[in-house]
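Structure in structure tokens, see below.
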Amino acid sequence: MIDVNNEYTVKIESVSSDGNGICHIDGMAVFVPYTAAGDEVKIKITNVKKRFAEGVLTEIITPSLDRTAPDCGIFGKCGGCSLRHIKYEKQLEIKREIVNNAMRRIGGFKDFTVGEIIGMENPTRYRNKTIFHADKNSVGFYSAKSHTVVPVTDCAIGAEENAEIINAISEFDMTELFTRKSFSTGDIMVCVKAENTDAKKLTAAVSGACKSVKSIYLNGENIYGSAAITDTLCGIEFRISPESFFQVNPVQTEKLYAKALEFAGLDKTMTVMDIYCGIGTISLCAAKKAKRVIGVEIVERAIDDAKENAKLNEISNAEFYARGAEKIVPYLIKSGEVPDVVILDPPRKGSDEKTLGSVLRSKPERIVYVSCNPATLARDARFLSDGGYTVSKAAAVDLFPHTSHVETVVLLCRKLDEAERHVSVTIETEEGWRADRRVNATYGQIKNWIAEHYDGMKVSSLYIAQTKQKHGIIERENYNKPKNGNSKVPHCPPEKENAITDALKHFRMI
Ligand code: SAH
């Protein structure tokens, strides 16, 4: 029986989605951090659950060929990197398999293979943001799965300047230090949580130690320099506030966005909805290529930044809404928005059925799903696939070298439904095809559009059906028949017919 404290000699078979080596003892999977596939190692069991167990590495007997010397003094202690002991090329292969496995096992896409994984040329000091914690004795990172502070003087994936800042700040009684560096200007923002701390002394110490610090916050208050720093991505300048989400690896983010936009296939006739837009990074890149962009994001401050960023870059075809996607997306779609392309870039927990259901109802030509969590990506891709979309391409981008995290972009294309397949054979131009997909704007969409554009005017489904028929759009029989066989059929008055005709034009149904 496998038990806590038992020791075993095992061969590691593969690496799990959270970067732990996997072996089997008596048929049970055992997860061992900091091991590599092919390692022959001694391990000690630390935890036994019903279905699996966990262990720690005690001795490497024969190292795997995938191994390399981890060039960081705190690797294995700080809880940050989990794959630094594995050659970078091999890390990329592991991540490719993590995405493939999730899509196959969770999503049920049996033959799924991620087309490419885009690695980092120089996978070091790539993070623009670092959060340090402090206790009575030291400043550092929380160790894996605990709140014990591992002292840190430098982090090999973070900015070099962090070392100077930590040094300057260690004399203060702080609990948290957050640094963010702009890779384009070199400017650094420092946010400190500390009670009973003199703002002037803190400013003098930090700005004196590191000349690149251009903004300091103490307990949420801007005590020195500017309130935000700016960075450039894909030729667009972004203003970043302390609480706004900004991708942590700007070098790879440019590659990620380029891939997302390539998949989006935008042109100047298209409307794009960018859901979970943060400070509008993808939205503004897309705005340059599309007719119009609608960005949606829950953090108000991020939307303020997004609007500010649009102005800063003289982009006028982007609108932003600060609300939960699950509320605003259904509302926008109901009010008649018809996006040609939807981009989704949700947090780790993924999207939700309300948001995705509305996206499906709006029938965009393409959905580009950007994900930092293959498991929720697979779940949501399944939902979209069951709703009439085909997973057509996927690429992974390594935004987080030396960790097991991976970013994935998936392109989903709409399958034509029966009626459309019939129509589409007669429509050959690209523009015609795009117009054709709007044949199915719902009665609800038409009603909402009319109410909004005609001062609250109400039109019945019967009137819509009659007007559609006048324009040669074949309708289902029963809409035209009165409910009671004997009653007179009301006829659509001219002003309502006008409004409905306008709506049909808006939805490009005529
Ligand atoms: N596309 C952006 C941000 C992606 S991160 C970029 O590349 O920078 C995910 C974003 O989703 C975060 O900004 C987070 O604040 C936002 N978010 C989280 N839950 C949300 C919800 N329910 N509705 C809308 N946005 C949400």
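Basis for what follows: all heavy atoms, side chains included, without hydrogens, waters or symmetry-related copies. Just so you know, ligand 1 is whichever comes first in the structure, and atom 1 is the first atom listed for that ligand. Position 1 is the first residue of the sequence; numbering continues from there.
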Determine, step by step, whether E93 and R96 satisfy the salt bridge (Lys or Arg N to Asp or Glu O under 4.0 Å) criterion, reporting the C-alpha distance in whole Å, the side-chain angles of both residues, the deciding distance to 0.1 Å, and the verdict. CA-CA 5 Å; E93 260 178 57; R96 187 196 283 262; over 6 Å; no
Could you list which atoms of ligand 1 come closer than 4.0 Å to a heavy atom of Y257?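 Counting atoms of ligand 1 from 1, those under 4.0 Å from Y257 are 6 (C), 7 (O), 8 (O).
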Tell me whether the centres of the aromatic rings in H85 and F75 are closer together than 6.0 Å.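 For H85 and F75, the ring centres are under 6.0 Å apart.
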Donor-acceptor pairs are to be reported for all side-chain atoms of residues 278-299 against protein atoms at under 3.5 Å, with residues two or more places apart or in another chain.
unit_1: T281; atom_1: OG1; unit_2: Y257; atom_2: OH; d: 2.9
unit_1: S283; atom_1: OG; unit_2: D274; atom_2: OD2; d: 2.5
unit_1: R292; atom_1: NE; unit_2: E319; atom_2: OE2; d: 2.7
unit_1: R292; atom_1: NH1; unit_2: E337; atom_2: OE1; d: 3.1
unit_1: R292; atom_1: NH2; unit_2: E319; atom_2: OE1; d: 3.2
unit_1: R292; atom_1: NH2; unit_2: E319; atom_2: OE2; d: 3.3
unit_1: R292; atom_1: NH2; unit_2: E337; atom_2: OE1; d: 3.3
unit_1: R292; atom_1: NH2; unit_2: E337; atom_2: OE2; d: 2.8
unit_1: E297; atom_1: OE1; unit_2: G278; atom_2: N; d: 2.8
unit_1: E297; atom_1: OE2; unit_2: V299; atom_2: N; d: 2.9

Proximal candidate to atom 25 (N) of ligand 1 [heavy atom criterion; set L344, V370, V329, I298]: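 Closest candidate by heavy-atom distance is I298.
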I want to check a possible cation-pi pair here: R382 against F109, using under 6.0 Å from ring centre and within 45° of the ring axis as the test.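 Yes, R382 lies over the aromatic ring of F109.
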Taking 4.0 Å as the limit for heavy-atom contacts, which would you say applies to C277 with ligand 1: side chain only, backbone only, both, or neither?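 C277 to ligand 1: backbone contact only, side chain stays beyond 4.0 Å.
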Indicate the ring-plane relationship of F132 and F141, choosing parallel, tilted or perpendicular according to the 30° and 60° boundaries.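 Because their plane-to-plane angle is under 30°, the rings of F132 and F141 count as parallel.
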Contact (N/O only, under 3.5 Å) between K349 and ligand 1: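 No, since none of the N or O atoms of K349 sits under 3.5 Å from an N or O of ligand 1.
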Closer than 4.0 Å to some heavy atom of G324 - which atoms of ligand 1 meet that?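 The list of qualifying atoms is 23 (N).
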Is the H402 ring parallel, tilted or perpendicular to the Y126 ring (thresholds 30°, 60°)?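 Taking Y126 first and then H402, their aromatic rings sit tilted (interplane angle of 30° to 60°).
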Heteroatom distance test (P346, ligand 1): nitrogen or oxygen, under 3.5 angstrom: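 By distance alone, the answer is no.
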Would P347 count as a contact of ligand 1 if the rule is a heavy atom under 4.0 Å away?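 It does; at least one heavy atom falls under 4.0 Å.
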Report yes if V299 has an N/O atom closer than 3.5 Å to an N/O atom of ligand 1; otherwise report no.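 Not met; the criterion fails.
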Option nearest atom 22 (N) of ligand 1 (shortest heavy-atom distance, choices E300, E326, R323):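 Nearest option to atom 22 (N) of ligand 1, by heavy atoms: E326.
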Quick one: nearest non-hydrogen protein atom to atom 23 (N) of ligand 1, plus distance?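 So the nearest neighbour among protein heavy atoms is A325 N, 2.8 Å.
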How far is atom 9 (C) of ligand 1 from its nearest protein heavy atom, and which residue and atom is that?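 In this structure, atom 9 (C) of ligand 1 has D345 O, 3.3 Å as its nearest protein heavy atom.
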Side chain to side chain contact (heavy atoms under 4.5 Å, CB included) involving P250 - partner list, sequence neighbours excluded: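 Residues passing side chain to side chain contact (heavy atoms under 4.5 Å, CB included) with P250: N128, F183, D231, L233.
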Answer with side chain, backbone, both or neither: which part of T281 has a heavy atom less than 4.0 angstrom from an atom of ligand 1?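 Only the side chain of T281 comes within reach of ligand 1.
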Sub-4.0 Å atoms of ligand 1 with respect to non-hydrogen atoms of F245: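 Every atom of ligand 1 under 4.0 Å from some heavy atom of F245: 3 (C), 4 (C), 5 (S), 6 (C), 8 (O), 13 (O).
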Nearest protein heavy-atom contact for atom 14 (C) of ligand 1: which residue, which atom, what distance?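 Atom 14 (C) of ligand 1 sits closest to the protein heavy atom E297 OE2, 3.5 Å.
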Does the salt bridge (Lys or Arg N to Asp or Glu O under 4.0 Å) test come out yes or no for E176 and K193, once each step is laid out? CA-CA 5 Å; E176 193 185 289; K193 279 189 194 158; 3.6 Å; yes
Over 12 foreign heavy atoms within 6.0 Å of NZ, K268: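 Yes, because the 6.0 Å sphere around NZ of K268 holds more than 12 heavy atoms from other groups.
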Should Y276 be counted as touching ligand 1, given the test is an N or O pair under 3.5 Å?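 Yes: some nitrogen or oxygen of Y276 is under 3.5 Å from one in ligand 1.
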